[in-house]
Amino acid sequence: MSKAGEAASLLAVHLIEEQLQVLPISIAVILQRTQAGGFGSGSDASLMQLPRKRRPFKTGSVGNIVVDNAEAEIALDFDAAHQTLNKNPLQKNSYLRVIISNALLAVGVFLKEHNMAAMRTPEIQFMEHVVTAILNANTFKIETGYMPIATFDGLVIDNSLHGSLLFGDGVREGLMEFGDAVALLQWLARYLGGEQSFVSGGDAG
């Protein structure tokens with residue numbers, strides 16, 4: 001595997017592991033009743049076994065050669081996730097970032113899949129860089145010499161941001177706050193709702 005392929009694999013693992021860390025928290029908010037002492041009381045209340053489809057036969061996978069135990073553990077421990085937040089306040093910021101990033105990724109993938117991501121509208125270009133940063137462990141990856149055509153509501157992306165954070169981690173500041181991400185999604189919904197032909201009306205240069 002090439003160095004580029006190895007780097008991409010590491011980023012994919014990092015992204016997946018973050019998702020798995022956040023799932024118990026986000027699912028707990030939806031499925032569990034919050035009580036004064038935490039998400040629940042007793043071992044039965046702290047675990048949630050998510051349903052799976054019945055498997056009439058077992059399918060093989062080349063990945064089984066690499067993974068010792070290919071059977072995924074699907075029981076989510078809400079109490080353990082809650083204790084992690086209590087022990088590490090910075091983890092709350094990380095979990096919020098993952099949840100909000102998921103929404104941005106979903107929209108970004110949709111735009112790319114439907115050939116809208118190439119529009120020269122500054123806000124669409126901004127969204128493209130945001131998605132790239134999310135896929136690069138919350139870090140901007142911008143080529144030298146990139147001219148700033150990606151802007152949103154006073155925020156500008158240029159090559160000076162290379163290597164810096166998209167969202168702050170509680171210690172270092174990022175380009176965006178979580179509220180900016182929500183505002184960007186709201187703007188995109190209004191823009192795309194009024195732009196029936198999906199042709200940019202902006203002048204991004």
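Computed over heavy atoms, backbone and side chain alike; hydrogens, waters and symmetry mates excluded.
L165 and I100 fall into different hydrophobic clusters, defined by Ile, Leu, Val, Met, Phe, Trp and Tyr side-chain heavy atoms under 4.5 Å apart, directly or through other members. V182 and W187 are not part of a single hydrophobic cluster, where members link through side-chain heavy atoms under 4.5 Å apart. Hydrophobic clustering, with ILVMFWY side chains joined whenever heavy atoms are under 4.5 angstrom apart, groups L135 together with F110.
Residues A117 and E128 approach most closely at CB-OE2, 3.4 Å, considering heavy atoms. What you find for V98 and Q19 is that their closest heavy atoms are CG1-NE2, 3.6 Å. Here the shortest heavy-atom pairing between G168 and N93 reads O-ND2, 2.9 Å.
With values rounded to the nearest 0.5 angstrom, D180 atom CG is found 7.5 Å from F126 atom CZ. Between M176 atom CE and N138 atom CG the span is 10.5 Å, to the nearest 0.5 Å. Interatomic distance, K112 NZ to L105 CG, rounded to the nearest 0.5 Å: 11.0 Å. Distance CZ/F152 to OG1/T121: 13.0 Å, rounded to 0.5 Å. The line from OG1 of T151 to NE2 of H129 is 10.5 Å long, rounded to the nearest 0.5 Å. With rounding to the nearest 0.5 Å, the separation of CG in N88 from OG in S94 is 8.5 Å.
L185 places a side-chain heavy atom less than 4.5 Å from the side chain of L104. Residues D153 and L184 form no side-chain contact, since every pair of their non-hydrogen atoms from C-beta on lies 4.5 Å or further apart. Put simply, the side chain of I157 reaches to within 4.5 Å of the side chain of L175, judged on heavy atoms. Taking the side chain as every heavy atom from C-beta outward, L90 and D169 never approach each other to under 4.5 Å.
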*Determine, step by step, whether D158 and I142 satisfy the side chain to side chain contact (heavy atoms under 4.5 Å, CB included) criterion, reporting the C-alpha distance in whole Å, the side-chain angles of both residues, the deciding distance to 0.1 Å, and the verdict.*
CA-CA 7 Å; D158 58 26; I142 304 173; over 6 Å; no
*side chain to side chain contact (heavy atoms under 4.5 Å, CB included) assessment of I124 paired with M116*: CA-CA 8 Å; I124 299 290; M116 290 186 277; over 6 Å; no
*What do the steps show when you test I149 against R120 for side chain to side chain contact (heavy atoms under 4.5 Å, CB included), and what is the final call?*
CA-CA 8 Å; I149 61 173; R120 302 292 286 175; 3.6 Å; yes
*Would L166 and V130 count as a side chain to side chain contact (heavy atoms under 4.5 Å, CB included) if you check the C-alpha gap in whole Å, the side-chain angles of each, and the deciding distance to 0.1 Å?*
CA-CA 7 Å; L166 171 62; V130 165; 3.8 Å; yes
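Listed for the S164 side chain is no donor-acceptor partner under 3.5 Å among the backbone atoms of H162. Listed for the Q125 side chain is a donor-acceptor partner under 3.5 Å among the backbone atoms of M119.
Ring-plane geometry between F167 and F178 is classed as tilted, the angle between the planes lying from 30 to 60 degrees on a 0 to 90 degree scale.
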